[in-house]
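Below is one structure; the comments refer to it alone.
All figures in this text were calculated on a predicted structure; none of them were measured in a lab. Chain letters run A, B, ... following the sequence lines, proteins first and then strands; every chain starts at 1.
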Protein chains: 2
Amino acid sequence: MLSTQIATAAHVTLASTLATSTQGPARTLLRAPALPVLKSDAAANQRASQHVAETLKLLIEKLAPQRRVVHAGDLVYQGGESFGHLYVMTSGFFKLVNLSADGREQVVGLKFRGDWLGFDGIANGRYACDAVAMDTGEVLVIRYDALFAACAAQPALMTALHEAMSREIARDRDSLMSVCTLPADARVADFLRYWAESLARRGLRSDQITLRMTRAEIGNYLGMTLETVSRSLSKLARAGVIVFAEKGRRDVQIPDVDALSEFIQHCLAPASPVLQ
Amino acid sequence: MLSTQIATAAHVTLASTLATSTQGPARTLLRAPALPVLKSDAAANQRASQHVAETLKLLIEKLAPQRRVVHAGDLVYQGGESFGHLYVMTSGFFKLVNLSADGREQVVGLKFRGDWLGFDGIANGRYACDAVAMDTGEVLVIRYDALFAACAAQPALMTALHEAMSREIARDRDSLMSVCTLPADARVADFLRYWAESLARRGLRSDQITLRMTRAEIGNYLGMTLETVSRSLSKLARAGVIVFAEKGRRDVQIPDVDALSEFIQHCLAPASPVLQ
DNA sequence: CGGTAGGTTGAGCGCATTCAAGCGTTGTGG
DNA sequence: CCACAACGCTTGAATGCGCTCAACCTACCG
């Protein structure tokens, strides 16, 4: 048992030999010291968190936007609806869901405090997906035309807007890379890593996270079935990389975020260097 | 033989019954009339093509940008390089390649005339991927600070910029949906459909396309191996949805773009309604 | 004409899916 | 208060899609 699986990783073109050599002495998932967060990250997270707060303050001061409170399941906007507003989250968790013409449903993004919602609507004048609240939260409601006008006079606003869009583009590409190059176990680990990092960057505690998504939603987001998600989480728990809370399986403790990265590398290792 | 495969499609949550009923009388891949493009699409393509031309003209007039000619293999920018410019394609074909810290390589985007390159660099001040020319082409070199300043006085510029970013975000999500919800054969068909549509929207002929990517590159982009790409293309050719040029397998004829969509639906069909 | 890169196809295997059973938690109504 | 249904989660067994490995082919180029 403890069936350590060989990397699947659809087509790793070049430099895959590198991945092997950089992995170090193989299999050190359970580390003794386990410092909760790297110091360098802590500083970066502090800055990122402050940056989010400043951007929110800027928007509130310059645009005096309406605020809208949402509860789990509420739609901020819906695919097909005519575009007019952008939304900036001050709290809560959202998912973005694409719906194809033939009825396929796909979670294409997860959003946290400070993130913007609605960029997909600018180009075509209609929103291209649903923005669904996964918990109680609040968004700033920003009229696009008002923002557009304000940008001309307030460079800081335009900077904030462009930064947010740029970050979203970069993040979407990382998602695609994760789905395309990682086997199921590593994808789940990467998902947890991303979630923890997202919380950390916003100044929230990241060692104990509450997944607000069902296994089915996670699976949809990661391109796998809910059973595979469940199995991967169990495997992560067995490896000690995550710890489930006593009651219920929605809460996940992450003693050491770096162990998640190591687990991913372990999944990508071509073959078991030592024994399994 | 002619092993028509059942749908894999990782997790199609709801409304998947719809997909079945909307498919019509099942299996009509080879249609007699085969009009090259739907009339409604033709009008939309005309408009889109004109819109691209107008945007390029606007940029040239307002910013008098440098032009840069590139050849196959040239890098417009490279991941890690410090950000300073955006680029707008006037001709050619580009791919965007992400490189992860551990050496995984992933094609995360394909770009055509009128598309912008470099958005990923705005947020962090460094480009997050490589932009590689796949053919001879030309880009407008646009200093971001100059564009930023010009946007304040020229709303049309800001509109063009935001539209381009929005379109990119929406497109990236479609890519993710394709990778997550479609089986290999359908993914290849969707890739061809996207490529043909991209050409059509720019006023280029879309019934005869020259793939400027190797099977390995296509496979990387779609999250599968080059062998699977080859097999899927062969299957599409056997079904008559595409036709290979006599000499070489890089040129692909697409007699009827809609047949590609039908093929995708066929791949998604829960089970063979009639016989296989 | 040999060398190389890209492409096709077959055989076998394995990861992830499908199908299925069982468990824990929550919520509702008798 | 307790059945009982509904929902989410876990785990096992079997199947199959897509991957790996391999051989062979074509086109291109020095």
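- Ring pair B:Phe112/B:Tyr194 is perpendicular by interplanar angle, where above 60° counts as perpendicular and below 30° as parallel.
- One interatomic measurement links the two molecules: CE of A:Met224 to C1' of C:dA16, which rounds to 9 Å at whole-angstrom precision.
- Between C:dA16, C:dT17, D:dC21, one nucleotide has an atom nearer to the side chain of B:Glu227 than all others, and that is D:dC21.
- Going from atom CZ of A:Phe244 over to atom P of C:dT25 covers 14 Å, rounded to whole Å.
- Screening B:Leu99, B:Leu117, B:Val107, B:Asn98 for a side-chain contact (heavy atoms from CB on, under 4.5 Å) with B:Cys129, the sole residue that qualifies is B:Asn98.
- Salt bridge status for B:Glu197 with B:Arg201: present, with a side-chain N to carboxylate O gap under 4.0 Å.
- Closest of all the heavy-atom pairs between A:Arg113 and A:Thr90 is NH1-O, 3.0 Å.
- Within the nucleic acid shown, B:Thr214 comes within 4.0 Å of sugar-phosphate atoms alone, with no base atom in reach, counting heavy atoms only.
- Atom pair A:Leu182:CG and C:dC15:P shows a separation of 16 Å (rounding to whole Å applied).
- In this entry the distance linking CD of B:Glu217 with P of C:dG6 reads 9 Å, nearest Å.
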Completion exercise
Output field dot_bracket for DNA chain D (Watson-Crick or G-U, both distances under 3.5 Å, | for other-strand pairs) contains ||||||||||||||||||||||||||||||
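- Residues A:Leu192 and A:Leu211 have side chains in contact (heavy-atom distance under 4.5 Å, counting atoms from C-beta outward).
- For the OP1/OP2 pair of D:dC19 and a distance below 4.0 Å, the side-chain nitrogens and oxygens of B:Thr228 include at least one atom meeting the criterion.
- No donor-acceptor contact under 3.5 Å links the side chain of B:Arg231 to the base of C:dG7.
- Distance, B:Leu233 CG to C:dG7 C1': 10 Å, rounded to whole Å.
- Every residue two or more places apart in sequence or in another chain was checked for a side-chain hydrogen bond (donor to acceptor under 3.5 Å, both in side chains) with A:Ser198, and none qualifies.
- Between B:Phe191 and B:Tyr221, the ring-plane angle classifies as perpendicular under the 30° and 60° cut-offs.
- Between the CE atom of A:Met213 and the C1' atom of D:dC7 there is a distance of 17 Å, given to the nearest Å.
- Atom pair B:Leu211:CG and D:dA27:P shows a separation of 17 Å (rounding to whole Å applied).
- Close to C:dG7, at under 4.0 Å from its OP1 or OP2, lies no side-chain N or O of B:Ser230.
- For the pair B:Arg215 CZ and C:dA5 C1', the interatomic distance rounds to 13 Å; values are reported in whole Å.
- At the phosphate of C:dG7, OP1 or OP2 sits under 4.0 Å from a side-chain N or O atom of B:Arg250.
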